[in-house]
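Below is one structure; the comments refer to it alone.
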Amino acid sequence: MKRLVATLLFVTGGATTPADLSPDQQLRGCWINRDVGATTMRWLPDRQRPEVLAGVRHVYRQTGSPVVTRYTLEPSDEGHSLCELGAEGAATRCWVVARGEGGSLEGGRVFIDTHGERLRITVAGDGPERVIFQGRRDGCD
């Protein structure tokens with residue numbers, strides 16, 4: 001619990017993202033983490049719904065195919081929602097994107113923190129804290 005509180009304070013209090021950037025402006029583009037192997041994340045407009053960003057995370061392993069997870073970021077009644085998609089393309093889990101305000105973490109919230117060329121996406125309040133992605137901006141091929 002102490003770790004969760006400390007993380008929330010860090011993410012909400014330490015975030016240096018300008019308040020005028022929307023979550024889609026924060027995420028749009030390509031990102032990479034080269035710490036262990038490589039993980040990439042790409043957020044581009046959905047072809048059928050331009051107001052929605054489609055996200056794809058590739059976790060490259062030493063052997064075998066990369067592990068691929070798909071996401072969407074879309075406007076919702078609460079501001080924006082980030083959803084993880086299943087194999088058929090339907091949302092399997094969705095979280096409201098926290099925008100620095102207080103509020104309940106019941107059901108989980110996604111924290112999107114950008115600082116310069118760095119990005120961290122974390123889910124808190126829905127079981128143990130989970131980092132969806134952490135890395136630096138990369139060029140889109």
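- Within the structure, no pair that satisfies the salt bridge (charged side-chain N to carboxylate O under 4.0 Å, His left out) test touches residues 58-73, not counting sequence neighbours.
- In terms of modelled atom types and a separation under 3.5 Å, the side chain of Arg57 and the main chain of Ile132 share a donor-acceptor contact.
- In this structure Arg28 satisfies the salt bridge (Lys or Arg N to Asp or Glu O under 4.0 Å) test together with Asp24, sequence neighbours excluded.
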Show which side-chain atoms of residues 31-48 pair as donor or acceptor with protein atoms under 3.5 Å away, not counting sequence neighbours.
from	atom 1	to	atom 2	distance (Å)
Trp31	NE1	Leu27	O	2.9
Asn33	OD1	Asp35	N	2.7
Asn33	ND2	Gln134	O	2.6
Asp46	OD1	Gln48	N	2.8
Asp46	OD1	Arg49	N	3.1

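- Within the structure, the disulfide (SG to SG under 2.5 Å) test picks out no pair touching residues 45-81 (sequence neighbours left out).
- Of all the heavy atoms in Phe111 and Ala124, the pair that sits closest is CE1-CB, 3.8 Å.
- Applying the ring pair (Phe, Tyr, Trp, His ring centres under 6.0 Å) test to residues at least two apart or on different chains, the pairs with a partner in residues 48-79 are His58-Tyr60.
- Smallest separation of non-hydrogen atoms from Ile112 and Pro23: CD1-CB, 4.0 Å.
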Anything under 3.5 Å between a donor and an acceptor, one on a side chain of residues 80-93, the other on a protein residue two or more places apart or in another chain? List them.
from	atom 1	to	atom 2	distance (Å)
Ser81	OG	Ser76	OG	3.2
Glu84	OE1	Arg130	NH1	3.4
Glu84	OE1	Arg130	NH2	3.4
Thr92	OG1	Glu84	O	3.1
Arg93	NH2	Asp126	OD1	3.3
Arg93	NH2	Asp126	OD2	2.3

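- The salt bridge (Lys or Arg N to Asp or Glu O under 4.0 Å) search around Arg137 returns Glu117, not counting sequence neighbours.
- Residues Val131 and Arg120 meet the side-chain proximity criterion, which asks for heavy atoms closer than 4.5 Å.
- Gln26 pairs with exactly one of Leu119, Leu73, Thr114 by the side chain to side chain contact (heavy atoms under 4.5 Å, CB included) rule, that one being Thr114.
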